[in-house]
Structure formats: C-alpha cells, structure tokens
2 protein chains.
Amino acid sequence: MPAPLLPKDEVTARITGVFRRHGYEGASLSRLSKETGLGRSSLYHYFPRGKRDMGEAALAAAGAWIDEHAVAQLDSPGSPHARLARYAARMAEYYGDGRRACLVDLFGIGEAGALFRSQLRRRVKALLGKLAGVAEEAGVAPAAAARRAEDSLMAIQGALIVSRILGTRAPFRRIIQELPERLLHG
Amino acid sequence: MPAPLLPKDEVTARITGVFRRHGYEGASLSRLSKETGLGRSSLYHYFPRGKRDMGEAALAAAGAWIDEHAVAQLDSPGSPHARLARYAARMAEYYGDGRRACLVDLFGIGEAGALFRSQLRRRVKALLGKLAGVAEEAGVAPAAAARRAEDSLMAIQGALIVSRILGTRAPFRRIIQELPERLLHG
DNA sequence: GTCTATACGAAGATAGAC
DNA sequence: GTCTATCTTCGTATAGAC
C-alpha cells in the first residue's frame with residue numbers, strides 16, 4: 001500500500017475549494033482529480049459514492065470550520081456586541097473577505113439541492129437560533145431577535161452575490177462591519 | 001419549411017425556466033430540448049452557438065421583463081413610497097413569490113460567470129442607480145441612498161437563498177414588504 | 001492507496017434530408 | 001424549421017495490477 005499523497009482532510013479541503021469556485025454540477029471529477037492531485041481511483045477510494053460523498057464531505061468540513069471558528073465566538077466571553085463582532089470577523093475569513101461563495105447558495109439548487117438541502121436547512125436553523133439567542137441575551141424581544149437573525153444571514157448571502165457581480169468587496173465588508181449593530185439594534 | 005412549433009419568445013421563456021430551476025451547468029441540452037419540445041437541431045437553429053446563446057437570450061428576456069414591469073414602476077406617477085411598493089410587488093412576481101431563483105445568482109459563478117458576469121454587472125449597476133435615484137428624490141442624501149439601494153438588492157438576493165433553504169416564503173415576503181421603508185428611511 | 005485502462009452513457013454540437 | 005443520424009468530447013464509475 002503506497003502512502004497517501006495527502007491527508008484526507010487536505011483532500012477534502014481542496015475538494016471544497018473546487019465546489020465553491022465551480023458549484024456542484026460544475027465540479028467535474030477531472031477538475032477534482034487535478035486539484036487534489038489524486039487519480040479518479042484514489043478519489044473513489046476516499047469517497048466510494050463519488051461526487052455525492054465529496055459534496056457531503058465538503059459540507060461537513062465547512063460546517064465544522066464554521067462551528068469551531070465562528071459560531072464558537074458566540075459562546076465565548078465578552079459582551080454580545082464583542083462576540084458578534086468576532087463571529088462576523090471569522091465568517092468574513094471563511095468567505096475570503098467576500099471572494100468565496102457559500103455552500104448554502106451553491107448547494108441549494110438543482111441536483112445538489114435535492115441531495116443536500118435538508119442538511120443545509122438543519123444547519124441554517126441552528127445558526128439562526130444561536131444568533132437570535134445572542135440578541136435576546138442583549139435584551140431584544142424574541143420575535144425581533146428571530147427577525148434580525150434572519151436579516152443578518154440574508155444580508156451576508158446577498159452581500160456575497162452582489163460583491164461577486166460588482167467585482168468589489170466593499171458591500172460584503174460593510175455588511176460584516178454592520179452585523180453586530182444590525183442584530184442588536186435593528 | 002415546417003411551421004414553428006412555438007414562437008421564439010415562448011421558446012426563450014421555457015429555456016429561462018430551465019436555467020432558473022437547474023442553473024447554467026445543470027441545464028443540459030436534453031432538458032432544454034424536452035422542456036421546449038424542440039429537437040436539438042431546432043434549438044441550434046434558434047441559438048447557433050448553443051447553450052451560450054440560450055443563456056444570453058434568457059438574460060435578455062429576464063432583463064426586459066424586469067425593466068418593463070418592475071423598473072418602469074420607479075418612473076411612473078405616485079409618491080416614492082408608492083412607486084417602490086409597486087416595484088417590489090413586481091419583483092416578487094418575477095421571483096414567483098420567492099420560489100424562483102435569480103439569474104444574478106445563478107449566472108454569477110463558474111462557467112456562466114465567465115460568460116455573463118460583465119453583462120450582469122452592467123444591469124445591476126443600472127438598477128442600483130435607479131433605486132438610489134428614487135431615494136434621493138425623497139430627500140435621502142446621495143451616499144445613504146446608494147448604500148440603501150445596495151442593501152435592498154442584497155436583501156432580496158439573500159432572502160431568495162434563505163427562503164429556498166428553509167422551504168418557506170416568509171423571509172422573502174417580509175423583505176418585499178419592507179423594501180420601500182428600508183430604502184427611504186433606512 | 002495509487003495506478004492504468006476501460007466501460008458506458010450523456011454532454012455539446014453538426015450534417016444533410018425533407 | 002424540424003427531423004434522424006452521427007460525431008467527439010467529457011461525464012461518472014469500475015476492474016484489476018502493483
């Protein structure tokens with residue numbers, strides 16, 4: 001048995017990158033093979049059901065990174081505003097300062113939508129609950145907190161799309177900057 | 001020469017529908033053929049460069065509909081608030097009350113992005129200018145008007161994504177409802 | 001765990017008859 | 001303008017050697 005060329009985590013990271021640049025259907029096995037440096041057979045060794053398993057792995061890896069680095073900030077010490085600012089900063093990092101796409105967008109439509117939408121829904125609902133919790137903790141009424149959590153998420157998703165089309169990071173950066181205020185004071 | 005099975009406008013409309021449901025790369029010629037009822041050769045008769053021309057036509061048709069039905073409301077009689085409300089209502093119609101995707105999202109990434117992003121950018125910039133103009137007309141300072149126009153667009157794009165993932169139209173409907181207020185009074 | 005080789009269908013696209 | 005037939009490339013997926 002030859003030694004692995006890359007640890008599986010690194011393979012998954014590169015696969016995730018391909019999905020984020022090309023979308024699910026645009027991520028062909030050739031591209032995935034080239035960008036991981038693994039032949040098709042090696043990819044099937046790691047991901048027996050092929051692209052479907054790769055999408056699953058990308059989703060899990062992205063979710064884990066966000067939970068560990070961004071969502072964790074919401075439970076860390078500090079004022080609600082400070083925690084939200086750290087959360088936003090980490091999300092900005094995840095999105096490559098607005099240059100990288102979100103799997104919630106890419107995997108929500110077409111063939112990928114059928115495969116992954118229910119998983120994404122669970123993750124999104126959990127995140128919305130977390131964000132609303134921070135707002136409530138800061139004294140925002142539950143209904144308003146839920147609304148603003150939803151607004152925060154929509155603002156980021158929309159900012160990614162608009163920044164991508166306009167070719168400028170400014171809208172994304174502004175939304176990240178404003179996130180704590182928007183959630184806490186509408 | 002046999003008579004056309006469908007007028008070209010109707011063909012384009014159906015093609016646009018396929019793109020909006022499956023994305024650019026997910027819209028295969030087979031699907032496009034099936035949903036238009038035209039064989040491949042007929043499609044190539046209308047769109048000599050194949051999918052690329054179909055994407056172009058979809059973009060043009062969508063842009064024309066939006067200009068004629070939604071953006072036109074911004075130049076029609078009535079208060080800024082009333083015009084924005086009519087604009088929002090027409091956009092909601094375009095988006096099938098939140099169930100149908102936006103080409104700015106779908107055509108912004110991957111292969112489609114390379115083909116269509118510059119066209120989309122022009123359209124988006126024009127729309128942002130129009131929206132900001134209405135806000136300025138209502139007394140909003142230029143910088144704030146530009147910011148809020150951007151916010152309005154991002155909110156709609158984000159609402160479409162979140163509504164799609166959550167499987168509920170409520171977030172989209174809320175954003176549509178709030179659009180005039182957000183643009184005019186932050 | 002990786003490789004080469006290959007199966008096999010679907011992809012986009014074209015030719016020529018009517 | 002539509003059809004059938006065809007072409008080539010690329011798609012996902014597998015087999016078997018090392």
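Below, read A as the first sequence line, B as the second, and so on, with proteins coming before strands; counting in each chain starts at 1.
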Atom CG of B:L43 to atom C1' of C:dA11: distance rounded to whole Å? 14 Å
Not counting sequence neighbours, which residues clear ring-ring contact (aromatic ring centres under 6.0 Å, His included) with B:H81? List them please. none
Go through the structure and list residues passing salt bridge (charged side-chain N to carboxylate O under 4.0 Å, His left out) with A:R20, not counting sequence neighbours. none
Hits for salt bridge (charged side-chain N to carboxylate O under 4.0 Å, His left out) against A:K130, two or more places apart or cross-chain, chain-then-number order -> A:D75
According to side-chain contact (heavy atoms from CB on, under 4.5 Å), who are the partners of B:D67, at least two apart in sequence or on a separate chain? B:V71, B:R123
Validation: residues 101-115 of chain A side-chain donor-acceptor distances under 3.5 Å, sequence neighbours left out:
none

Rounded to whole Å, NE2 of A:H45 lies from C1' of D:dA15 at a distance of 16 Å
Quickly work out the B:L38 CG to D:dT2 P distance and round it to whole Å. 5 Å
Non-neighbouring partners of B:R117 that pass salt bridge (charged side-chain N to carboxylate O under 4.0 Å, His left out), sequence neighbours left out: none
Would the distance check show the side chain of B:T12 and the main-chain N or O of B:A58 forming a donor-acceptor pair, the cut-off being under 3.5 Å? no
Between the two ends of the helix from C:dG1-D:dC18 to C:dC18-D:dG1, what is the bend in degrees, rounded to 10 degrees, where each end axis spans five pairs? 0°
Polar atoms only, N or O, under 3.5 Å: list the protein pairs with nucleotides 10-14 of chain D and their distances.
unit_1: D:dG11; atom_1: OP1; unit_2: A:S28; atom_2: OG; d: 3.2
unit_1: D:dG11; atom_1: OP2; unit_2: A:S30; atom_2: OG; d: 2.8
unit_1: D:dT12; atom_1: OP1; unit_2: A:K51; atom_2: NZ; d: 3.2
unit_1: D:dT12; atom_1: OP2; unit_2: A:L29; atom_2: N; d: 2.5
unit_1: D:dA13; atom_1: OP2; unit_2: A:Y44; atom_2: OH; d: 2.8
unit_1: D:dA13; atom_1: O5'; unit_2: A:Y44; atom_2: OH; d: 3.0

Taken to the nearest whole Å, CG/B:L115 to C1'/C:dG12 is 14 Å
Among all residues two or more places apart in sequence or in another chain, which pass the salt bridge (charged side-chain N to carboxylate O under 4.0 Å, His left out) test with B:E136? none
